[in-house]
Trainee: 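This is the structure I want to talk about, given as structure tokens.
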Amino acid sequence: MRTRLLNIGDDLRANFWFLPGLLLLLGLALAIVVPLVDVTTQKWLEYWFPWIKMDASTALNFLSSIATAIVTVAGIVFSVTMVTLSIAASQFGPRLLRTFMSNRTVRLSLGLFVGTSIYCLTVMFWIRGEDQADFVPHLSLTLGLLLTLLSLAILIYFFHTIAILIQPSYFLKNVAADLDQTIARLYPQQLGESPLREISEDEISTRLERQGPEFGTLCAEREGYLEALDDERMMELAVELDLVLDLLCRPGDFITRGMSIARVWPASRLDPDNSHRMNLIFLIGNRPTSRQDIDSAIKELVEVAVRALSPSTNDPFTAFTCLDRLGSSLTRLVQRDYPSPYRLDENHRLRLVARGWNTGEVLEAAFAQFRLYGASNAAVMHALLEQLELLMQFARRRGDFIAILHQAELARSAFERKLKGVPEQQPLIERQEKLARRLRENIDDSQRWMS
């Protein structure tokens with residue numbers, strides 16, 4: 001349930017209606033509550049603050065002017081926001097719109113303007129003129145003035161935010177921060193002094209074979225991207241039904257209705273009711289998210305770099321920034337423990353097998369597109385080798401060194417093919433050979449140390 005709520009929270013933070021809607025309701029609530037306070041404090045306010053006294057006609061004109069002006073400003077803010085989103089979609093890619101839409105300043109501005117307008121319009125219904133019992137809610141009018149001043153301050157900060165939000169350096173910093181948070185969630189433990197024993201796919205298969213040859217196959221009931229797995233509910237269900245689940249997919253995968261998403265031991269537990277309950281563990285939506293999917297967070301940075309390297313854009317400096325941010329985040333990854341794919345219950349019985357991302361897969365997701373689209377640019381290849389050198393400095397596991405060496409060899413194959421006969425190729429070859437030599441030394445050292 002906690003995972004489901006967090007997933008809903010991520011969706012709410014990345015849309016334009018939730019926070020503005022809350023502020024709209026808050027403005028309506030204030031317009032109902034504050035005039036009631038005015039009823040009991042009107043004489044006291046007029047005695048101690050005579051300058052706030054206002055007749056009914058002036059009060060109506062005052063509130064009407066504020067509401068009209070704020071609604072106009074809200075329209076301008078909405079138009080500026082849409083133009084910014086259009087520029088962002090064309091320059092950085094539509095996948096990155098979520099980062100813009102998650103900005104609090106933009107949503108707060110829209111919500112405050114709409115909430116202030118609703119507040120002023122609603123307070124107008126409380127004002128009574130000469131033909132009825134006179135009542136002018138002075139406290140409510142003062143609050144309306146304060147909300148207007150706050151709206152003007154937010155408007156200035158809104159334009160400042162929009163001006164820096166579309167700058168690549170600032171924008172990529174936010175995207176990289178999202179990747180860092182994903183790494184911290186998925187790999188919470190710092191790497192210890194002793195090396196971890198890497199678990200191979202063969203060992204996973206061996207352990208599962210011990211459960212018996214008869215297993216049932218859980219098929220998906222819905223279609224879409226697997227946004228997250230409800231880990232807590234998954235373990236509770238496995239213990240309750242006394243079964244073992246081997247997950248065949250992971251967050252970020254596209255799920256087709258009817259495809260196999262898990263193997264279940266024993267097969268007798270997989271009746272229609274239990275199958276439906278298990279399907280609810282898989283949170284499926286319209287797009288991959290970075291909550292449990294490191295690949296999704298990496299692809300956001302990679303997409304910006306690929307667009308920057310396209311002939312129509314030809315902006316390698318943005319690609320360099322993407323590589324710098326990727327390398328910085330991946331150094332945090334290689335310093336962290338990889339969680340075991342095995343999940344045990346309180347009695348130390350195997351209940352779940354959930355395969356995560358290893359270093360080789362993460363590095364391939366991060367650097368494959370740079371080799372494909374930047375191999376003909378010597379500066380891009382130098383930047384790629386620089387990030388591999390940086391990762392080597394932070395890596396500690398033998399498997400990480402092997403993965404980095406594999407990327408270095410793939411990079412050499414790419415630029416040797418694209419830069420054949422070009423003078424810039426030889427410095428790249430020398431740099432790659434030096435990196436590969438150091439990596440092989442680290443691999444040999446880690447092997448001797450482990451033995």
Side-chain angles (χ1 to χ4, degrees), residues 93 168 172 175-176 179 183 198 294-311 313-335 357-447:
L172 293 174
V175 178
L179 174 57
I183 292 173
E198 298 179 5
I294 190 173
D295 182 56
S296 175
I298 288 174
K299 283 180 178 177
E300 291 182 351
L301 280 170
V302 173
E303 180 175 358
V304 177
V306 169
R307 285 176 173 267
L309 292 173
S310 65
T313 304
N314 193 22
D315 181 17
F317 297 101
T318 297
F320 297 157
T321 305
C322 293
L323 272 171
D324 289 338
R325 291 295 180 181
L326 272 173
S328 177
S329 296
L330 294 179
T331 57
R332 297 178 178 87
L333 174 66
V334 297
Q335 295 178 76
W357 287 77
N358 58 43
T359 304
E361 292 173 319
V362 172
L363 295 186
E364 182 65 16
F367 299 132
Q369 300 301 316
F370 288 95
R371 297 195 306 269
L372 180 62
Y373 294 99
S376 59
N377 189 319
V380 174
M381 288 294 98
H382 274 292
L384 175 56
L385 293 177
E386 180 182 355
Q387 297 311 315
L388 294 178
E389 292 167 353
L390 179 66
L391 286 173
M392 180 184 62
Q393 297 177 26
F394 288 90
R396 297 294 179 270
R397 289 175 289 242
R398 181 172 182 271
D400 293 349
F401 289 124
I402 294 174
I404 297 170
L405 176 60
H406 181 62
Q407 290 299 314
E409 292 172 344
L410 290 175
R412 177 168 179 167
S413 299
F415 66 69
E416 281 186 337
R417 185 173 61 255
K418 293 289 186 178
L419 296 174
K420 188 175 182 179
V422 178
E424 288 84 354
Q425 185 189 70
Q426 189 58 35
L428 280 171
I429 293 176
E430 294 174 358
R431 186 172 189 174
Q432 191 275 341
E433 289 178 346
K434 181 180 178 181
L435 172 61
R437 184 167 57 252
R438 293 175 60 190
L439 284 167
R440 291 190 181 96
E441 291 173 357
N442 286 327
I443 292 171
D444 294 338
D445 290 342
S446 61
Q447 179 64 31

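Computed from a prediction, not measured in an experiment: that's the story for all the values here.
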Trainee: Is Arg437 salt-bridged to Glu441, cutoff N-O under 4.0 Å?
Mentor: no
Trainee: In the structure I gave you, are the side-chain heavy atoms of Leu172 and Thr318 within less than 4.5 Å of one another anywhere?
Mentor: yes
Trainee: Would Leu330 and Phe367 count as a side chain to side chain contact (heavy atoms under 4.5 Å, CB included) here? Give the steps.
Mentor: CA-CA 11 Å; Leu330 294 179; Phe367 299 132; 3.9 Å; yes
Trainee: Do Gln369 and Glu303 touch side chain to side chain, with heavy atoms closer than 4.5 Å?
Mentor: no
Trainee: Nearest 0.5 Å, please: how far is CG in Leu405 from CD in Gln432?
Mentor: 8.0 Å
Trainee: Quick one: CG on Asn442 to CG on Asp400, what's the gap to the nearest 0.5 Å?
Mentor: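 Here the rounded value is 11.0 Å.
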Trainee: Measuring from atom CD of Glu364 to atom CG of Leu410, what distance do you get when rounded to the nearest 0.5 angstrom?
Mentor: 6.0 Å
Trainee: Nearest heavy-atom pair of Ser329 and Ile183: which atoms, and what distance?
Mentor: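 So the minimum-distance heavy-atom pair works out to O-CD1, 3.3 Å.
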Trainee: Taking the side chain as every heavy atom from C-beta outward, state whether Met381 and Leu384 have any pair of such atoms under 4.5 Å apart.
Mentor: yes
Trainee: So Arg396 and Val334, side chain to side chain contact (heavy atoms under 4.5 Å, CB included) or not? Walk me through it.
Mentor: CA-CA 7 Å; Arg396 297 294 179 270; Val334 297; over 6 Å; no
Trainee: Lys418 and Ala375: which non-hydrogen atoms are nearest, and at how many Å?
Mentor: CG-CB, 3.5 Å
Trainee: Can you tell me which residue among Lys434, Arg431, Arg438 is in a salt bridge (charged side-chain N to carboxylate O under 4.0 Å, His left out) with Glu389?
Mentor: Arg431
Trainee: What are the two closest non-hydrogen atoms of Val380 and Leu323, and how far apart are they?
Mentor: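 Between these two residues, the closest heavy atoms are O-CD1, 4.0 Å.
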Trainee: Would you say that Thr321 contacts Pro168 through its side chain, given a criterion of any heavy-atom pair below 4.5 Å between the two side chains?
Mentor: no
Trainee: Closest approach of Ala395 and Ile404, non-hydrogen atoms and distance?
Mentor: CB-CD1, 4.1 Å
Trainee: Is there a donor-acceptor pair under 3.5 Å between the side chain of Gln425 and the backbone N or O of Glu416?
Mentor: yes
Trainee: Just so I know, are the side chains of Met392 and Leu388 near enough to count as touching, which here means a heavy-atom distance under 4.5 Å?
Mentor: no
Trainee: Might you confirm whether atom CZ of Phe320 has over 12 heavy atoms from other residues, nucleotides or ligands at distances under 6.0 Å?
Mentor: yes
Trainee: Taking all non-hydrogen atoms of both residues into account, name the closest pair between Phe370 and Ala319 and its distance.
Mentor: CE2-O, 4.0 Å
Trainee: What's the separation between atom CG in Leu435 and atom CZ in Arg412, rounded to the nearest 0.5 Å?
Mentor: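 Answer for the CG-CZ pair, Leu435 versus Arg412, is 11.5 Å.
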Trainee: Mind listing the closest non-hydrogen atom pair of Thr331 and Leu391 along with its distance?
Mentor: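 For Thr331 and Leu391, the tightest heavy-atom pair comes out as N-CD2, 3.6 Å.
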Trainee: Do the non-hydrogen side-chain atoms of Leu326 and Val302 ever get within less than 4.5 Å of each other?
Mentor: yes
Trainee: Under 3.5 Å, is there a donor-acceptor pair between the side chain of Arg332 and the main chain of Ser328?
Mentor: yes
Trainee: For the residue pair Leu390 and Gln387, establish whether any side-chain heavy-atom pair is separated by less than 4.5 Å.
Mentor: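 With C-beta onward as the side chain, the pair touches.
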Trainee: Are side-chain heavy atoms of Val304 and Val175 found at a separation under 4.5 Å?
Mentor: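 The answer is no, as the side chains (C-beta and beyond) never meet within the 4.5 Å cut-off.
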Trainee: Just verifying a value: how many Å separate Arg398 CZ and Ile443 CD1, rounded to the nearest 0.5 Å?
Mentor: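 Arg398 CZ to Ile443 CD1: 6.5 Å, rounded to 0.5 Å.
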Trainee: Could you tell me the separation between the CD1 atom of Ile402 and the OG1 atom of Thr359, rounded to the nearest 0.5 Å?
Mentor: 10.5 Å
